[in-house]
Amino acid sequence: MSIRSLELLDKATTTLFALVIMFSFCGLFLVPAGQTILSNLLVVASVFGLLNYFVGKKRNVGLEDRRILWVLAAYAVMIFVNRLIHGDQYGVMRGLFYVVVFALMIPRKPVLLTLGYAAIVTGGIGLGIMSIWQYQSGIVRVEGFTNAILFSQAALTLAILNWFVFQQRQLSRWIRYGALVALVAALFALYLSQSRGVWLALGGIVGYVICYKALFKPWKYVAIAILCIASMGITYHTNQLVQLRVAHAVSDLNLAEKGSYNSSWGLRIVAWQSAWLGFLDAPVTGVGTNGFDALKQEQVARGLVSPLALNAALAHAHSQYMQNLVIRGGIGFVVLVAFLFLPLWLSMKKMGGDAACVLIPLSFAISAFSDVPFEHQNILYLYVLSMIFVWYSSELRVNESTL
């Protein structure tokens, strides 16, 4: 190829990778069929990345520290093997492989960072605007173009990412303070989603950050902790929406204690019981997606679980941990724990205990107790691409500072 053609190939590759990064943060949850669009963009960008690497000889690509990619690949391989045995999520496996190739081929160019920061700010503000629009349109529990729980997980992730952008001292003021606006907008979207599991995740990461910071400045962060607790108390006593959601949760648990499970948390209890019994029947590799429905029917027929286990709302185990236990067995559970906590541990050693790459998997680890974020391709994309972008940003900034 001519020098001109190789230059055009490099520019096209950079443009496509920029589109993937930007769409991941400000398009995935703001347009219908966002995950399908992102899948297509990932494939096209990765193909151009491979061409640019092998034909264009552009070798300054990919993450330098690729340990996090091995974690993603291991989860994808586990899904693939389980699919061969007795069925599993093809979209999850395929999406992870796309992201691994993307991360191996991403050009190391500062312009991608700048566009990514801008996309994170735009995405946070966009989620806030969408939630206000839906609420004013009569949707009491806002849900974007997905469902309220997934929308809330996206909002919390973008809130963390916008805090990460705000901390980038080298950025201009308008981007950094725009990130604060976007953070507030994303948290407002989380509030209007009314997702209690993700509210708990938010409380968990705030509590974790305060405890971590208190190791270095105890008096300051003890005061902040007291202020946060007081703010939570005031919010609860003055906000009817929060009171209502908490009251519903308490009511659900009280009904469950009396043997009535036909409620939000009651159905979750039934799903967890069914999943645990299914795991005990197949503790190594689980029952697979092919055996999930048959398992519940057999359990109901034998009187092991409530007939509510056959409710259409229980298409999954309503806990990522339980889902992996029943569908993928002990092997799947161990790989899930690695998928969540190994990136957290690596990020803590690489960037510090309060880094975005620590808070993001921590938030998912908490919310995964009551939902199945990694069974949904859009949330899976947001999780892994957020982690990769933060690692990529850290490496580029370190390289620039050493020049």
Side-chain angles (χ1 to χ4, degrees), residues 29 124-144 146-163 180-211 221-258 260-269 272 313 318-320 359-360 362-373 379:
F29 285 88
I125 293 173
L127 287 186
I129 292 173
M130 176 179 284
S131 65
I132 293 171
W133 171 70
Q134 287 196 334
Y135 189 76
Q136 291 182 339
S137 299
I139 301 176
V140 176
R141 190 177 180 188
V142 302
E143 56 188 16
T146 174
N147 66 55
I149 296 175
L150 302 184
F151 186 75
S152 68
Q153 290 170 333
L156 180 54
T157 303
L158 276 165
I160 295 170
L161 287 172
N162 274 287
W163 179 247
L180 282 184
V181 174
L183 187 155
V184 173
L187 289 178
F188 189 65
L190 170 58
Y191 164 71
L192 289 180
S193 73
Q194 302 184 38
S195 298
R196 292 166 297 196
V198 187
W199 286 358
L200 182 61
L202 172 62
I205 61 174
V206 170
Y208 164 78
V209 169
I210 290 174
C211 291
Y221 284 93
V222 166
I224 291 175
I226 293 172
L227 181 62
C228 287
I229 293 171
S231 298
M232 289 172 59
I234 293 170
T235 300
Y236 176 76
H237 286 289
T238 59
N239 192 299
Q240 291 185 347
L241 189 151
V242 174
Q243 289 178 357
L244 185 63
R245 294 298 289 167
V246 172
H248 282 167
V250 173
S251 175
D252 289 354
L253 295 175
N254 288 335
L255 288 172
E257 287 183 352
K258 298 175 182 178
S260 177
Y261 297 99
N262 196 12
S263 62
S264 177
W265 281 98
L267 289 174
R268 280 178 166 82
I269 293 171
W272 298 340
H318 268 291
S319 165
Q320 191 66 61
L359 303 183
I360 290 172
L362 179 60
S363 70
F364 275 84
I366 297 172
S367 62
F369 279 106
S370 59
D371 201 58
V372 287
I379 283 292

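Predicted, not measured: the structure shown is a model, and the values here were computed from it.
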Could you list the donor-acceptor pairs under 3.5 angstrom formed by side chains in residues 185-194, with sequence neighbours left out?
from: Y191; atom 1: OH; to: N239; atom 2: OD1; distance (Å): 3.2
from: Y191; atom 1: OH; to: N239; atom 2: ND2; distance (Å): 2.9
from: S193; atom 1: OG; to: L190; atom 2: O; distance (Å): 2.6
from: Q194; atom 1: NE2; to: V140; atom 2: O; distance (Å): 3.0

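- Listed here is the closest heavy atom pair of I379 and A154: CD1-N, 3.9 Å.
- In this structure, the side-chain contact (heavy atoms from CB on, under 4.5 Å) partners of V246, at least two apart in sequence or on a different chain, are Y236, V242, V250.
- Distance CD1/I149 to OG/S367: 9.5 Å, rounded to 0.5 Å.
- Residues P373 and A368 approach most closely at CD-CA, 4.2 Å, considering heavy atoms.
- One distance of note links CD of E143 with OG of S131; it measures 12.5 Å at 0.5 Å rounding.
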Please report the C-alpha distance between V184 and L180 in whole Å, then the side-chain angles of each, then the deciding distance to 0.1 Å, and finally whether the side chain to side chain contact (heavy atoms under 4.5 Å, CB included) criterion is met.
CA-CA 6 Å; V184 173; L180 282 184; 5.8 Å; no
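- Across all non-hydrogen atoms, the minimal contact from L158 to G124 is CD1-N, 4.3 Å.
- When the shell of 6.0 Å around OH of Y135 is examined, it contains 12 or fewer heavy atoms from other residues, nucleotides or ligands.
- How far CZ of F29 is from OG1 of T157: 8.0 Å, rounded to the nearest 0.5 Å.
- For N254, there are no side chain to side chain donor-acceptor pair (under 3.5 Å) partners two or more places apart in sequence or in a different chain.
- Counting only heavy atoms from C-beta outward, the side chains of R141 and N147 never approach each other to under 4.5 Å.
- Y221 pairs by the side chain to side chain donor-acceptor pair (under 3.5 Å) definition with nothing, not counting sequence neighbours.
- A search for ring-ring contact (aromatic ring centres under 6.0 Å, His included) contacts involving F151 returns nothing, not counting sequence neighbours.
- Taking all atoms of both residues into account, the shortest heavy-atom contact from L359 to V209 is CD2-CG2, 3.6 Å.
- The two residues H318 and A313 have their closest heavy-atom pair at NE2-O, 3.4 Å.
- Remark: N162 CG to L127 CG distance equals 9.5 Å, nearest 0.5 Å.
- With S251 contributing its side chain and A247 its backbone, the two residues share no donor-acceptor pair below 3.5 Å.
- Under the 3.5 Å distance criterion, the side-chain polar atoms of S195 are matched with a main-chain donor or acceptor of A148.
- Going from atom OG of S264 over to atom CG of L255 covers 12.0 Å, rounded to the nearest 0.5 Å.
- Looking at heavy atoms from C-beta onward, I205 lies in side-chain contact with L156 at the 4.5 angstrom threshold.
- Looking only at side-chain heavy atoms (C-beta outward), D371 and Q320 stay at 4.5 Å or farther from each other.
- Between I269 atom CD1 and S319 atom OG the span is 12.5 Å, to the nearest 0.5 Å.
- The shortest heavy-atom contact between S370 and R268 is O-NE, 3.1 Å.
- Partners of A249 according to the side-chain contact (heavy atoms from CB on, under 4.5 Å) rule, which considers only residues two or more places apart in sequence or in another chain, are R196, W265.
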